[in-house]
Asker: 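Here's a structure for you.
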Amino acid sequence: MWKFIQFELKKIFKHRLNILLCILTIGLNFFFLAQTMDIQITDQSGKTYNEKESIEIANSFYKEHAGIVNDDYVLEMNKEYQKQYDAYMKDKIDFDMMVNIFGKNYEEMRVLGENALLTREEMFTYVEQVKNNCRRYGIDIPMTWSDENSHFRIYNIYKQNVEILPNFEKSLENLFYSYSSSNNEQMFFEILNNSKDMKIEAYEKDGKLIVTDMGFLKLTSFNPEYLDRMTINHIQWLNDKYEKMDLTIDSTLSSNMFIRILEFYPIYVVYLILIVVLCSNIFSIDYENKTNQIIVCSNKNKTVLKAKILTMLLIVSTLFLITFLIVVLYIAHFIPIENLHLQAIDLGFGLGSNGTNALYSCFEFIAYQLCMLYFAHLSIGVISVGLSCFTKSKFVSGIITLLSIFIPMFCQGQKWISISPFVMINSPHAYFKWDMWMNDVLPIQDIGGFMIHTFIIVCLIWALLSVTILTACYLKERKHIV
């Protein structure tokens, strides 16, 4: 069998263009990998470290601050951040002007504003006071506020002719808190710290789910529209997941880098295109070379057909494995891949995957995404082979397969695109999150009381379609035997 597979591979790669496309694809893989990293740290002296140094600094920082999330941990982290920030700002902030504009209790007011703890009337009264003070001293108001709630933010007033390093301030905030939002860190801490006593409370009445307390979901960006199609089993699944969460904090930077790369779809679009080019040759090349009749009449016909199918599987699996190994080696170049058992959250630089993503461990999240990516590769390989067999033209096969990849980009909102290969590589996280609406599909399906991930259903659908298409190809090529 192996000799027949080798023969099929030689027919495909005898064209130098296919070899060049493989080299170009791997080269683009490395190029795109470099685009996924945006970690850059600036220290208090203004020195900006390169990517590798920044990642190592961040990783060491998280290891240094490893611990169990509880009230004491949260308090210590906040104190440490304030200590470092104050040490940097003490010679730069005009404290007298801060008092003149915002009042002696401006630090307290800053906390109240960040957490929207005042009433709207109290907030607007305070804003008017600040405006009057600014007019008195002839400065622009260093403050922003919301017209929809009582959230407001007080900004520092700096001394004149003092150099400010915004990149250092951002680096400090990124290390201690979240890269994506200045408020996410508190939500993240509260999710882990309070998950044991913040269960969702709900019951079913007349077949409809009634939620009396959203529990920990109040701390996330959970999409409430999901509730209309959820059952009590979904609530139990969510509660169980949160109860099993590991409250340990350590460096998950390498895992977050891994997850971010798995979500950077341009890498995988290039590989899908390469699969189309290679697999479209598997059957059509015999028709183009007029050797198909020889194969049909050969007593090795069955073996040849099996070899063609195995060749497709070998190409798909090899390219997927190459992608995986490149990603692993790329991350290992910076830091060791570790702590996969911890929750898939982001404290600082990384994915920004707080909220309901914290339901999963890093290992779960990565394994699920790898599974999705493999079946996306497999589906394109199967489609290419099927069309190659039935159209007898690699050009027609290639064009139709490429259209099957890109057409879903213009069909947003349709349920059927949830199983399309493009969505599988473009939004793998959408199959797991509870805070986004992915084509009206829940992340977990309740099938007769048995809870199953949507992504598993998608993979099973493609497994079934693959078997069906490949069987049809086998039967078509066999039916002309004389």
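As a basis for the values below, the full set of heavy atoms in this structure was taken, side chains included, without hydrogen atoms, waters or symmetry mates. Position 1 is the first residue of the sequence; numbering continues from there.
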Asker: Can you list the residues that meet the side chain to side chain donor-acceptor pair (under 3.5 Å) rule with Asn132, with sequence neighbours excluded?
Answerer: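 Once residues adjacent in sequence are excluded, the partners of Asn132 under the side chain to side chain donor-acceptor pair (under 3.5 Å) criterion are Arg135.
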Asker: Looking at every non-hydrogen atom in both residues, tell me the closest pair between Ile232 and Ala202 and how far apart they are.
Answerer: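 In terms of heavy atoms, the two residues are closest at CD1-O, 3.5 Å.
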Asker: Nearest heavy-atom pair of Ala34 and Glu51: which atoms, and what distance?
Answerer: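 That closest heavy-atom pairing would be O-OE2, 4.3 Å.
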Asker: For Lys159, does its backbone N or O pair with a side-chain atom of Asp94 as donor and acceptor, under 3.5 Å?
Answerer: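 No, because the side chain of Asp94 does not come within donor-acceptor range (under 3.5 Å) of the backbone of Lys159.
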Asker: Please list, one pair per line, the donor and acceptor atoms closer than 3.5 Å that link side chains of residues 137-144 to other protein atoms, with sequence neighbours excluded.
Answerer:
residue: Thr144; atom: OG1; partner: Tyr155; partner atom: OH; Å: 3.4

Asker: Measuring from atom CZ of Phe264 to atom CD of Gln35, what distance do you get when rounded to the nearest 0.5 angstrom?
Answerer: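 It is 6.0 Å, given to the nearest 0.5 Å.
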Asker: Enumerate the residue pairs fulfilling salt bridge (Lys or Arg N to Asp or Glu O under 4.0 Å) with a member in residues 359-374, sequence neighbours excluded, ordered by first and then second residue.
Answerer: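 Output for this query lists Lys241-Glu364.
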Asker: Do you know which two heavy atoms are closest between Leu319 and Thr323, and how far apart they sit?
Answerer: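 Heavy atoms only, the tightest pair is O-OG1, 2.7 Å.
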Asker: Give the ring-plane orientation class for Phe320 versus Tyr374, where under 30° counts as parallel, over 60° as perpendicular and anything between as tilted.
Answerer: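 The rings of Phe320 and Tyr374 stand perpendicular, inter-plane angle above 60°.
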Asker: Atom CD in Glu53, atom CD1 in Ile41: separation rounded to 0.5 Å?
Answerer: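 Reported to 0.5 Å precision, the distance equals 10.0 Å.
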Asker: Within the distance-only criterion (no hydrogens, no angle test), does the side chain of Thr25 pair as donor or acceptor with the backbone N or O of Leu274 below 3.5 angstrom?
Answerer: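 No: the side chain of Thr25 does not pair with the backbone of Leu274.
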Asker: Does Ser404 reach the side chain of Pro421, with side-chain heavy atoms less than 4.5 Å apart?
Answerer: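 Answer no - side chains too far apart.
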Asker: Looking at Glu204 and Lys208, is there a salt bridge between them, counting it only when a charged N and a carboxylate O are closer than 4.0 Å?
Answerer: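 No salt bridge links Lys208 with Glu204.
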Asker: Hey, is the main chain of Ile444 close enough, under 3.5 Å, to the side chain of His234 for a donor-acceptor pair?
Answerer: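 Yes; judged by distance alone, with no hydrogens or angles, the pair exists.
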Asker: Does any N or O in the side chain of Ser150 come within less than 3.5 Å of the main-chain N or O of Ala116, such that one atom is a donor and the other an acceptor?
Answerer: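 Checked: pair present.
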Asker: About how many Å separate CD1 of Ile267 and CG of Leu272, when rounded to the nearest 0.5 Å?
Answerer: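 That separation rounds to 12.0 Å.
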Asker: Check step by step if side-chain contact (heavy atoms from CB on, under 4.5 Å) holds for Thr42 and Tyr49.
Answerer: CA-CA 6 Å; Thr42 301; Tyr49 295 90; over 6 Å; no
Asker: Output, in order, the C-alpha distance, side-chain angles, deciding distance and verdict of side-chain contact (heavy atoms from CB on, under 4.5 Å) for Cys459 and Met372.
Answerer: CA-CA 7 Å; Cys459 293; Met372 291 289 294; 4.2 Å; yes
Asker: With side-chain contact (heavy atoms from CB on, under 4.5 Å) as the criterion, how do Ile55 and Leu253 come out once you've worked through the C-alpha distance, each side chain's angles and the decisive distance to 0.1 Å?
Answerer: CA-CA 8 Å; Ile55 291 174; Leu253 184 58; 3.9 Å; yes
Asker: Would the distance check show the side chain of Gln369 and the main-chain N or O of Ile366 forming a donor-acceptor pair, the cut-off being under 3.5 Å?
Answerer: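 Pair absent, no side-chain N/O of Gln369 close to backbone of Ile366.
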Asker: Verify, without hydrogens or angle tests, whether His65 (side chain) and Phe61 (backbone) share a donor-acceptor contact under 3.5 angstrom.
Answerer: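 Pair found, side chain donor or acceptor close to backbone of Phe61.
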Asker: Mark yes or no for whether Asn233, through its side chain, and Asp446, through its backbone, hold a donor-acceptor pair below 3.5 Å.
Answerer: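 Checked: no pair found.
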Asker: Could you check if a side-chain atom of Leu373 sits within less than 4.5 angstrom of a side-chain atom of Met424, using non-hydrogen atoms only?
Answerer: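 In short, these two side chains do not touch, never coming nearer than 4.5 Å.
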Asker: Where is the tightest heavy-atom contact between Gly113 and His151, given as atom of each residue plus distance?
Answerer: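 That closest heavy-atom pairing would be O-CD2, 3.3 Å.
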Asker: Establish, from distance only, whether the side-chain atoms of Ser251 and Asn59 form a donor-acceptor pair under 3.5 Å.
Answerer: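 Note: Ser251 and Asn59 side chains meet the donor-acceptor criterion.
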Asker: With heavy-atom distances below 4.5 Å as the criterion, would you say the side chains of Leu209 and Arg229 are in contact?
Answerer: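 A side-chain contact under 4.5 Å is absent here.
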Asker: Does Phe365 have its ring centroid less than 6.0 Å away from the ring centroid of Phe258?
Answerer: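 So the answer is no for these two rings.
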Asker: Under a 3.5 Å threshold, yes or no: a donor from one side chain and an acceptor from the other, between Asp240 and Gln236?
Answerer: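 Judged by distance alone, the side chains do pair up.
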Asker: Are the side chains of Ile26 and Tyr271 in contact, using a 4.5 Å heavy-atom criterion?
Answerer: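 The answer is yes; the side chains approach within 4.5 Å.
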Asker: Is it the case that more than 12 heavy atoms not belonging to Phe363 sit under 6.0 Å from its CZ atom?
Answerer: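 For Phe363, atom CZ is not crowded (no more than 12 foreign heavy atoms under 6.0 Å).
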Asker: Can you find a heavy atom in the side chain of Asn133 that is under 4.5 Å from one in the side chain of Asn100?
Answerer: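 Result no, sub-4.5 Å side-chain heavy-atom pair not found.
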Asker: Specify whether Tyr360 and Trp237 have parallel, tilted or perpendicular ring planes, treating 30° as the upper limit for parallel and 60° as the lower limit for perpendicular.
Answerer: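 Ring orientation, 0 to 90° scale: tilted.
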Asker: If only atom types and distance count, is the side chain of Tyr126 paired as donor or acceptor with the main-chain N or O of Phe102 below 3.5 Å?
Answerer: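 Yes; judged by distance alone, with no hydrogens or angles, the pair exists.
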Asker: To check you understand the geometry: which heavy-atom pair defines the closest contact between Ser379 and Ala376, and what is its length?
Answerer: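 Minimum heavy-atom contact is OG-O, 2.7 Å.
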Asker: Output the distance between atom CG (Leu402) and atom CD1 (Ile380), rounded to the nearest 0.5 Å.
Answerer: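 Result: 8.0 Å between the selected atoms.
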Asker: Give a yes or no on whether the backbone of Ser255 and the side-chain of Thr252 come within a donor-acceptor separation of less than 3.5 Å.
Answerer: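 Checking the backbone N and O of Ser255 against the side chain of Thr252, no donor-acceptor pair under 3.5 Å is found.
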Asker: Examine the side chains of Gln445 and Thr454 and answer whether a donor and an acceptor come within less than 3.5 Å of each other.
Answerer: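 Yes, side-chain donor-acceptor contact under 3.5 Å.
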Asker: Should Glu201 and Val211 count as side-chain neighbours, where that means a heavy-atom distance under 4.5 Å?
Answerer: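 With C-beta onward as the side chain, the pair stays apart.
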Asker: Side chains of Asp250 and Tyr62: is there a donor and an acceptor less than 3.5 Å apart?
Answerer: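 No, no side-chain donor-acceptor pair sits under 3.5 Å.
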Asker: Can you tell me how far CG of Leu238 sits from NZ of Lys199, rounded to the nearest 0.5 angstrom?
Answerer: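 Rounded to the nearest 0.5 Å, the NZ-CG separation comes to 12.5 Å.
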Asker: Using side-chain heavy atoms (C-beta onward) and a distance below 4.5 Å, is Phe32 in contact with Val270?
Answerer: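 In contact.
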Asker: Are Phe334 and Tyr330 an aromatic pair by the rule of ring centers under 6.0 Å?
Answerer: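 For Phe334 and Tyr330, the ring centres are under 6.0 Å apart.
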Asker: Would you give the length of the straight line joining atom CG of Leu172 to atom CG of Asp43, rounded to the nearest 0.5 angstrom?
Answerer: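 Between Leu172 CG and Asp43 CG, I get 11.5 Å after rounding to 0.5 Å.
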Asker: Sub-3.5 Å donor-acceptor pair from the side chain of Asn339 to the main-chain atoms of Leu342, do we have one?
Answerer: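 No; judged by distance alone, with no hydrogens or angles, the pair does not exist.
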Asker: Go through it in stages, so that I can follow the logic: the residues are Asn149 and Ser146, the test is side-chain contact (heavy atoms from CB on, under 4.5 Å), and I'd like the CA-CA distance, side-chain angles, deciding distance and then a yes or no.
Answerer: CA-CA 6 Å; Asn149 52 48; Ser146 171; 3.3 Å; yes
Asker: Would you say that Arg153 contacts Arg110 through its side chain, given a criterion of any heavy-atom pair below 4.5 Å between the two side chains?
Answerer: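 Side-chain contact under 4.5 Å: no.
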Asker: Which atom pair, heavy atoms only, marks the closest approach of Ile101 to Cys134?
Answerer: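 Residues Ile101 and Cys134, closest heavy atoms: CG2-SG, 3.8 Å.
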Asker: Could you label the plane-to-plane angle of the His453 and Phe455 rings as parallel, tilted or perpendicular, counting under 30° as parallel and over 60° as perpendicular?
Answerer: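 Correct class here is tilted.
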Asker: Check Glu128 with Lys131, please: is the shortest side-chain N to carboxylate O separation under 4.0 Å?
Answerer: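 Looking at Glu128 together with Lys131, the answer is yes, because their closest N to O distance falls below 4.0 Å.
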Asker: Take the angle between the ring planes of Phe422 and Phe406 and call it parallel below 30°, perpendicular above 60°, tilted in between.
Answerer: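 It falls in the tilted class, 30° to 60°.
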